[in-house]
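Lettering of chains follows the sequences in order, A, B, ..., and the numbering in each one begins at 1. Since the model is a prediction, treat every value here as computed from it, not as a measurement.
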Amino acid sequence: MSKDFTTREENYSKWYNDLVIKADLAENSAVRGCMVIKPYGYSIWEKMQAALDKMFKDTGHENAYFPLFIPKSFFSKEASHVEGFAKECAVVTHYRLKTAPDGKIVVDEDAKLEEELIVRPTSETIIWDTYRNWIQSYRDLPLLINQWANVVRWEMRTRLFLRTAEFLWQEGHTAHATKQEAIEEAEKMLNVYADFAENFLALPVLKGVKTENERFAGAIETYCIEALMQDGKALQAGTSHFLGQNFAKAFDVKFTGKDGKQEYVWATSWGVSTRLMGALIMAHSDDNGLVLPPKLAPNQVVIVPIYKTDEELAKLNEKASEIKKSLEALNIRVKYDNRDTYKPGWKFAEYEFKGVPVRIAIGPRDLENGTVEVARRDTKEKKSYQQVDLAHKIEHLLGQIQSNLYQKALSFREQNTTNVDTWDEFVNQIEGKGGFVYAHWDGTKETEELIKDKTKATIRCIPLDNKKEDGKCILTGKPSTQRVVFARAY
RNA sequence: CGGGGUGUAGCGCAGCCUGGUAGCGUACUUGCAUGGGGUGCAAGGGGUCGUGGGUUCAAAUCCCGCCACCCCGACCA
């Protein structure tokens, strides 16, 4: 199944693609740019959803659902928003098919829609059109709503999980009485994303704001979390937008304040997508396959029996079930694989490839000695453990693996973060090792675009915890007050 | 949309140049042996050769059109 697997060094991009397919996470579908998420991949996504959904609810949000289709006219209401999405919209123009004289199924031209429907690329417009009726008074605020949905953006080039024409995500859309409160909400949700990335994905992220160029279409401020992948490229892992009153004005959403005066509502929106799957895969996996952090692994532990005879298997079944139960009592997700159709070595390789954090092998020798063999996926280390109190030891080990993955990713990021002060250094760094490059920039759109044209590097963000520092723009030499983070990105 | 490439068994590929009844590896099925890191041997099943047309006694192979997918650019979470 996974022999002859491409290594990261040979071809990082092929490694990623092969990994996604061979680890059974997803595959390309019959539809251009759209993937099928397979059960194993989907179960990881479900784990992410569950964790995020809880975090959203713990911060006061509720789930709702809005239509897949958005009337075309809605898009024209917020000028910069439509501009940002116009080039990648799927449009529904007809509502009926018919059989042509030659027997082929064709679109019935008589069934043309009065107004075309856009398949949502994001839901601000339909949601704000709805909010108009929901919000009258300051008592209706804040309105804190999240939606789990699929969206469509007709991308020209797609890659499994990282960029697909249709993807799954959540989008939060909140309405507030004051500017300050909306900004706090946008920042709060950015922190939720950062916590999630660090605690569940085991992935350290930079928190920052986007430059005007990179800002979400229709936003006043776009906050983001940026992660560094093993090939030195950055991945935007989540965004949170302060939308000001742009959408309230476009959709005429006003509320009456305590003072009896009418004012436009302040808005935020924030989202993360199945792209997080891509981040997860690229952050930790190695040339032996997937490496999953225990908190998101569908199976945290797999138990493999080693035996020759049916009698041995019967004894091992008994012992393994006992171990399985003791682990499950601690809420550890365990699979016992006693299929006779595959050999132990095959199973070892298989679970390793699928990233199961801990493998327990147990054979006749272990039964005699009261031991098991425990192998951890992150370090590939194998150790013999006494069966006594095994469940607690495994629980502890899972915690260690989770934090080890985070530490490893963190030190990778540190090793691949550099300060540069001259253009030559900058080009060398971007074209060599890559990584996050802190450099001075004169603050103009033109310079940012010029740098992008010359090096393919973009400003990933202006970090929130940035310290002020006088310097000169690496390209123009004009004065600058702080360093910003450059990288090539996905 | 520009440049390059590929369509042959579930998957990966050879065969094409030089036309002559479709092959390899793997996966699958069956049997026997094997079993502490992808097991060996044997037998077996499976293909409108992307698609439409043309040339020819004969086309996977030669010619023309079309379609799909992949890679590199412009666009992007």
Side-chain angles (χ1 to χ4, degrees), chain A residues 1-6 11 13-14 17-18 21-22 24 27-34 83-89 121-122 150-171 193 210 213-217 219 222 224-227 234-241 269-279 288-289 304-310 312-313 316 338-353 359-369 371-375 380 382 384 449 452-453 456 458 460 489-490:
Chain A
M1 121 151 334
S2 48
K3 280 175 276 189
D4 309 320
F5 175 48
T6 314
N11 184 341
S13 140
K14 189 171 193 306
N17 210 39
D18 286 359
I21 289 167
K22 289 178 177 166
D24 257 339
E27 62 189 27
N28 282 308
S29 71
V31 184
R32 193 209 84 108
C34 297
E83 200 183 311
F85 287 103
K87 282 179 280 182
E88 49 189 40
C89 285
T122 180
N150 57 337
V151 288
V152 169
R153 296 182 189 175
W154 215 257
E155 301 288 353
M156 300 197 183
R157 282 185 56 214
T158 58
R159 294 191 69 190
L160 293 167
F161 289 119
L162 295 173
R163 184 171 302 108
T164 46
E166 179 194 16
F167 57 94
L168 305 184
W169 76 345
Q170 59 69 218
E171 46 182 328
Y193 288 154
K210 288 291 185 190
N213 250 356
E214 301 275 331
R215 204 173 282 155
F216 175 75
T222 288
C224 63
I225 52 172
E226 292 284 329
L235 182 79
Q236 179 174 309
T239 48
S240 178
H241 315 290
S269 69
W270 28 273
V272 293
S273 70
T274 34
R275 175 179 256 200
L276 287 179
M277 291 287 293
N288 297 300
V304 177
I306 296 157
Y307 58 93
K308 288 182 187 165
T309 64
D310 286 347
E312 280 175 352
L313 178 60
L316 290 166
N338 64 350
R339 286 177 299 175
D340 190 42
T341 45
Y342 292 96
K343 296 186 47 178
W346 192 91
K347 292 177 187 173
F348 290 175
E350 172 73 5
Y351 290 114
E352 207 163 270
F353 198 82
R359 181 186 72 234
I360 299 176
I362 180 163
R365 246 165 27 213
D366 293 302
L367 285 183
E368 276 176 39
N369 302 335
T371 56
V372 294
E373 182 194 76
V374 174
K380 313 263 322 264
K382 283 195 284 196
S384 187
E449 267 167 13
K452 185 180 177 183
D453 289 346
K456 290 186 201 162
T458 51
R460 301 318 306 156
Y490 277 97

Inter-nucleotide [atom1] distance ([N], [M]), Å rounded:
N      : M      : atom1 : answer
B:rG4  : B:rC66 : P     : 16 Å
B:rU21 : B:rG37 : P     : 48 Å
B:rC11 : B:rG19 : C1'   : 29 Å
B:rG50 : B:rC13 : P     : 14 Å
B:rC57 : B:rG52 : P     : 23 Å
B:rC63 : B:rG25 : C1'   : 33 Å
B:rU8  : B:rG15 : C1'   : 9 Å

Rounded to whole angstroms, how far apart are [atom1] on [X] and [atom2] on [N]?
X      : N      : atom1 : atom2 : value
A:E350 : B:rA27 : CD    : P     : 13 Å
A:L367 : B:rG36 : CG    : P     : 16 Å
A:E352 : B:rG37 : CD    : C1'   : 8 Å
A:I21  : B:rG10 : CD1   : P     : 17 Å
A:E312 : B:rG36 : CD    : C1'   : 11 Å
A:D453 : B:rG73 : CG    : P     : 14 Å
A:D18  : B:rC11 : CG    : C1'   : 12 Å
A:F348 : B:rU39 : CZ    : P     : 12 Å

From CA spacing to verdict: salt bridge (charged side-chain N to carboxylate O under 4.0 Å, His left out), A:K210, A:E226: CA-CA 10 Å; A:K210 288 291 185 190; A:E226 292 284 329; 2.8 Å; yes
When you match A:F216 and A:S13 each to their closest nucleotide on RNA chain B, which lands nearer the 5' end?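 In this pair, the answer is A:S13.
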Relative to the 5' end of RNA chain B, which residue comes earlier, A:N17 or A:G238, by the nucleotide with the nearest heavy atom?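 Of the two residues, A:N17 wins.
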Using a 4.0 Å heavy-atom cut-off across all strands, classify [X] as base, sugar-phosphate, or nothing.
X      : answer
A:Y490 : nothing
A:R359 : base
A:E155 : base
A:T239 : nothing
A:T164 : base
A:L162 : base
A:K456 : sugar-phosphate

Set of salt bridge (Lys or Arg N to Asp or Glu O under 4.0 Å) partners for A:R339, sequence neighbours left out: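 In terms of salt bridge (Lys or Arg N to Asp or Glu O under 4.0 Å), with neighbours along the sequence ignored, A:R339 is linked to A:D337.
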Taking salt bridge (Lys or Arg N to Asp or Glu O under 4.0 Å) as the test, write out the residues that go with A:E27, two or more places apart.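 Scan of A:E27 (salt bridge (Lys or Arg N to Asp or Glu O under 4.0 Å), adjacent residues dropped) gives A:K38.
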Results of ring pair (Phe, Tyr, Trp, His ring centres under 6.0 Å) for A:F348 - residues two or more places apart only: none
How would you list, by chain and number, every residue that makes a ring pair (Phe, Tyr, Trp, His ring centres under 6.0 Å) with A:F161, sequence neighbours excluded? none
Any protein N or O atoms within reach of nucleotides 30-35 of chain B? Criterion: under 3.5 Å, listing atom names and distances.
residue : atom : partner : partner atom : Å
B:rG35  : O2'  : A:Y307  : O            : 3.1
B:rG35  : N2   : A:D340  : OD1          : 3.4

Roughly how far, to the nearest 0.5 Å, is the CD1 atom of A:I362 from the CG atom of A:N338?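 Those atoms lie 12.5 Å apart.
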Nearest 0.5 Å, please: how far is CG in A:L316 from CG in A:L367? 4.5 Å
Watson-Crick or G-U wobble partner for B:rG31, using a 3.5 Å limit on both distances? B:rC41
Please state whether the rings of A:W346 and A:Y342 are parallel, tilted or perpendicular, taking 30° and 60° as the class boundaries. parallel
Could you list the residues that satisfy side chain to side chain contact (heavy atoms under 4.5 Å, CB included) with A:N288, not counting sequence neighbours? A:D286, A:E352, A:R377, A:K380
